[in-house]
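First up is the structure itself, then whatever we jot down about it.
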Amino acid sequence: MQEDKHEAIMELAKRRGFFWQSYEIYGGVAGFYDLGPLGVRLKEKIISLWREFFVKKHAHIVVEIETPIIAPARVFEASGHLEHFTDPIVECLKCGRKFRADHLIEEKLGIKAEGLSIEEMTKIIREHDLRCPVCGGPLSDVKLFNLLFKTTIGPYSSNTGYLRPETAQGMFVSFKRVYEVSRKRLPLGIAQIGRVARNEISPRQGMLRLREFTIAEIEFFFDPEEPVSDDMFRELLDQLPRRKIRILTVEAKKKGEEKPFEINIEEAIREKLILTPWLGYWMTVAQEYMHALGIGYDEMYFDEKAPEERAHYSAQTFDQLVRVSRYGWIEVSGHSYRTDYDLSRHMRYSGEDLRVFKQYKEPLVVKKKHLLWDKAWIGRTYRSRAREIFEALSRMNPEEVLKQLEEKGYLEIAGAKIPKDKIKIVEKEEKITGKRFIPHVAEPSFGVERILYAVLDHAYTVKDERVVLKLPRLVAPIDVAVFPLVKDENIIQVARKIWLSLMNNGFYTIYDEEDSIGRRYARVDEIGVPAAITVDYQSLEDNTVTLRDRDTWEQVRIRINNVVDAVRDFLRGASLDDIKHKYG
RNA sequence: GCGGCGGUCGUCUAGCCUGGACUAGGACGCCGGCCUGCCAAGCCGGAGAUCCCGGGUUCAAAUCCCGGCCGCCGCACCA
């Protein structure tokens with residue numbers, strides 16, 4: 001049955017036009033999927049709900065941008081992807097098989113090869129005359145296999161560009177400008193929804209592992225010393241219907257635990273199970289988001305990744321797992337604490353100062369010990385070496401100097417001996433108006449196509465041998481269907497008028513007069529249309545129509561004048577009873 | 001990339017082992033018409049298949065053989 005459900009979903013997806021494999025007429029290419037008419041609508045609604053949860057509801061701390069898919073090589077040198085997203089491989093010149101070069105060297109020679117350059121590895125292979133482990137043929141030079149898609153920018157082949165494997169770098173690279181236009185406030189979340197590409201070696205599992213897909217993510221920048229004020233955090237948490245999340249920590253796994261446990265988010269942060277409040281906060285929002293998409297709280301949890309499982313930039317990562325029928329627990333989002341890794345790398349590679357300055361509410365007055373030395377005496381005594389001595393002195397810690405002077409009566413520095421009476425230590429008040437630092441980053445990152453699959457998996461139900469796609473009303477690709485009960489000219493006229501008015505009021509609407517009414521209900525149930533308006537003979541007499549609920553198949557009568565408002569309320573979650581009382 | 005299994009109308013499938021009567025059968029869906037007073041009713045008619053692609057064997061290939069592509073499962077890989 002579990003297997004059948006997956007098959008049934010894939011079949012439904014193809015048959016009704018949610019998605020299918022790309023380039024079908026050319027035999028297909030692994031890792032690429034087309035979205036059909038319904039798939040596009042569903043995806044758009046999933047994305048707009050994401051935007052609702054993560055951007056709109058946080059408009060005071062999150063802004064959204066859009067950056068290119070193609071970036072110059074330098075960006076991925078800085079990000080570490082060219083280095084870490086790459087595997088060194090050698091090819092057998094005889095049989096054509098490919099091997100991980102570093103693994104081969106380690107395996108055959110016991111030499112640690114990880115991190116060596118391709119030249120070094122090639123040299124080792126030549127020196128030891130390593131050959132193909134399968135056929136014994138000679139090996140090629142070590143080459144890099146990179147999961148980044150490569151391209152050329154402009155007419156010069158030397159100008160290499162890469163397709164981004166994540167949208168994140170766009171936010172880091174443009175951080176300074178976005179920070180500027182956001183009036184230099186922290187915390188600041190920069191969101192982006194966009195396509196990414198990864199040249200996976202062997203993608204499988206349909207929509208779950210694609211070579212090109214859509215990511216929705218936030219790079220959330222904050223001050224690591226004061227991530228968030230108590231007031232702000234309380235206010236944010238108060239907006240959430242639920243503060244508990246289910247997590248499975250690395251620590252718990254070490255103890256043999258396999259099941260997640262439930263914990264209050266504040267407690268998890270306090271207990272340092274989650275390293276920064278923001279990571280925890282966005283995980284909680286992620287939980288609400290998936291819940292709004294029809295996933296039960298007990299059908300998801302956050303799985304902490306062990307250090308060796310984490311990406312190179314991450315200090316802590318939780319994967320949000322959701323249960324689906326075929327594959328068990330699948331990852332729909334990743335929550336990483338990227339620290340200041342990315343910004344500091346881009347600082348180094350670009351030479352731009354990406355630190356932010358934070359002014360204290362009141363300047364800090366610090367008493368600080370300063371060294372004063374007798375420049376005249378040192379100059380006279382050491383002449384040309386004086387400058388060097390001054391510099392060395394300025395680097396000294398006053399406490400250290402004090403200690404030496406107490407013990408020995410003089411200070412030995414840069415080959416010079418300075419007597420106690422030539423050095424003075426004074427305490428000075430210093431005003432510190434603020435600090436300059438590299439913000440830290442918490443990143444919630446969602447794979448949209450995976451969410452789409454998970455949503456379908458959870459929405460798929462069978463009722464009386466009919467498929468009913470119980471998509472949450474908010475994300476259903478089609479909002480409402482309009483049917484004349486039978487093909488009666490008068491009824492059709494009324495129905496078409498209602499259909500047009502719904503369409504013109506912003507609803508995705510289906511009108512259908514073919515076949516029996518039952519068959520039409522069945523058709524729209526199968527693609528998850530939440531509401532159906534049916535015009536019947538009574539409509540002609542009293543100007544009412546019925547509104548049918550996809551999930552219960554129950555109907556209420558409402559006045560024709562109220563159809564638009566009733567549908568709007570219904571899609572926002574109103575019950576049939578409410579609709580009846582308000583619009584009946 | 002390795003190993004196993006598979007690929008036939010839009011969808012699901014029969015046929016393949018044992019080559020020929022296959023003009024490739026069925027169901028659902030789709031299109032046209034009739035009918036229909038609320039949950040895939042019925043009747044009539046119709047369209048729809050490079051049998052994944054390429055090569056080979058044979059008088060003859062959906063069927064046998066080889067290579068490729070794609071899918072699923074296991075291994076490897078998976079920022």
Side-chain angles (χ1 to χ4, degrees), chain A residues 3-4 6-8 10-17 20-33 36 76 79-87 89 91-92 95-100 103 133-134 145-148 164-166 168-169 196-206 208-211 215 305 309-314 317 326-327 331 334 336 338 341-342 443 445 447 463-468 483-488 491 513-526 532-540 545-546 548-550 552-555 557:
Chain A
E3 290 262 321
D4 290 347
H6 172 264
E7 298 289 332
M10 298 308 280
E11 187 263 322
L12 177 69
K14 259 197 277 191
R15 190 163 45 78
R16 298 303 306 269
W20 54 82
Q21 203 183 13
S22 300
Y23 310 112
E24 275 183 319
I25 67 164
Y26 289 105
V29 183
F32 297 96
Y33 268 76
F76 294 116
S79 74
H81 284 92
L82 273 173
E83 186 185 343
H84 296 282
F85 217 58
T86 302
D87 294 335
I89 55 168
E91 187 176 354
C92 171
C95 71
R97 286 188 174 83
K98 288 178 178 167
F99 306 93
R100 274 286 291 265
H103 290 184
V134 177
F145 178 77
N146 201 304
L147 266 52
L148 295 173
R164 60 185 180 186
E166 55 173 16
Q169 296 310 320
V196 301
R198 301 175 183 187
N199 203 359
E200 299 282 357
I201 295 169
S202 63
R204 254 184 288 187
Q205 300 182 311
L208 299 185
R209 194 137 164 248
L210 299 172
R211 287 195 164 116
I215 279 183
K305 307 316 284 181
E309 299 173 312
R310 292 196 296 254
H312 59 275
Y313 48 69
S314 174
T317 296
R326 172 67 161 265
Y327 302 104
E331 178 196 338
S336 292
R338 297 180 77 132
Y341 177 86
D342 299 275
E443 175 202 72
S445 172
K463 181 175 184 178
D464 296 354
E465 310 216 348
R466 280 165 39 173
V467 174
V468 181
F483 303 136
L485 183 64
V486 291
K487 269 190 188 170
D488 174 292
I491 291 178
E513 60 183 40
E514 305 296 332
D515 299 313
S516 73
I517 187 70
R519 188 186 296 251
R520 282 176 274 158
Y521 286 142
R523 266 204 291 261
V524 295
D525 281 348
E526 191 181 46
I533 302 292
T534 304
V535 180
D536 55 18
Y537 287 99
Q538 191 181 329
S539 308
L540 302 177
V545 291
T546 63
R548 170 187 181 268
D549 177 2
R550 172 198 68 199
T552 61
W553 298 357
E554 279 167 27
Q555 292 173 300
R557 289 205 87 85

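Proteins get letters first, then strands, A, B, ... in listed order; numbering begins at 1 in each.
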Would you indicate whether the side-chain heavy atoms of A:R520 and A:P484 approach each other to under 4.5 Å?
yes

B:C38 phosphate, OP1 or OP2: any side-chain N/O from A:Q555 under 4.0 angstrom?
no

Which of these nucleotides, B:G37, B:C39, B:C73, is closest to any side-chain atom of A:R326?
B:C73

Residue whose closest nucleotide on RNA chain B lies nearer the 5' end, A:S445 versus A:V535:
A:V535

Roughly how far apart, to the nearest Å, are B:C44 and B:C28 at atom P?
13 Å

Only one of A:R466, A:R16, A:R550 clears salt bridge (charged side-chain N to carboxylate O under 4.0 Å, His left out) with A:E526; which?
A:R16

Does any N or O donor sit under 3.5 Å from an N or O acceptor when you compare the side chain of A:Y26 with the base of B:C53?
no

C1' atoms of B:C43 and B:U50, separation to the nearest Å
36 Å

Would you classify A:T546 as touching base, sugar-phosphate or nothing, given that sugar-phosphate means primed atoms plus P, OP1 and OP2, and contacts are heavy atoms under 4.0 Å?
base

Looking at A:R16, I'd like to know whether one of its side-chain N or O atoms comes within less than 4.0 Å of OP1 or OP2 on B:C28.
no

Sugar-phosphate, base or nothing in reach of A:Y327, heavy atoms under 4.0 Å
sugar-phosphate

Parallel, tilted or perpendicular, as decided by the 30° and 60° cut-offs, for the rings of A:H81 and A:Y313:
tilted

How would you label the contact of A:G80 with the nucleic acid (heavy atoms, under 4.0 Å): base, sugar-phosphate, or nothing?
nothing

Closest to the A:S516 side chain: B:U36, B:U11, B:C39?
B:U36

From C-beta outward on A:A522, which listed nucleotide comes closest to its side chain: B:C38, B:A40, B:C72?
B:A40

Pair partner, B:G1 [Watson-Crick or wobble, under 3.5 Å]
B:C75

Residue mapping more 5' on RNA chain B - nearest nucleotide basis, A:E526 or A:G31
A:E526

With a 4.0 Å limit, can you tell me whether A:R519 has a side-chain N or O closer than that to the phosphate oxygens OP1/OP2 of B:G29?
yes

C1' atoms of B:G3 and B:U11, separation to the nearest Å
31 Å

With both distances under 3.5 angstrom, what nucleotide forms a Watson-Crick or G-U wobble pair with B:G6?
B:C70

Name the nucleic acid region contacted by A:I517, choosing base, sugar-phosphate or nothing; use a 4.0 angstrom heavy-atom cut-off, strictly under.
sugar-phosphate

Look at all strands and tell whether A:R209 reaches a base, only sugar-phosphate, or nothing, counting heavy atoms closer than 4.0 Å.
base

Distance check needed: B:G29 C1' versus A:E514 CD, whole Å only.
14 Å

Got a sec, which residues hit side-chain contact (heavy atoms from CB on, under 4.5 Å) with A:S314, two or more places apart in sequence or on another chain?
A:R310, A:T317, A:S336

Below 3.5 Å, does any donor atom in the side chain of A:R520 face an acceptor in the base of B:C39, or the other way round?
no

Base, sugar-phosphate or nothing for A:Y313? Non-hydrogen atoms, less than 4.0 Å.
base

Could you work out the separation of B:C31 and B:G67 based on their P atoms and round it to a whole Å?
44 Å

Closest listed nucleotide, where the reference is the side chain of A:R466 and the choices are B:C70, B:A40, B:C30:
B:A40

side-chain N/O A:T534 vs B:C38 OP1/OP2, d < 4.0 Å
no

Taking atom P in both B:G45 and B:C73, compute the distance separating them and give it to the nearest angstrom.
44 Å

I'd like the P distance from B:C64 over to B:C5, given in whole Å.
13 Å

A:E7 with A:R326: basic N within carboxylate O range, under 4.0 Å:
yes

Classify A:H81 by what it touches in the nucleic acid, base, sugar-phosphate, or nothing, heavy-atom distance under 4.0 Å.
nothing

Does A:E24 reach a base, just sugar-phosphate, or nothing at all? Heavy atoms under 4.0 Å.
nothing

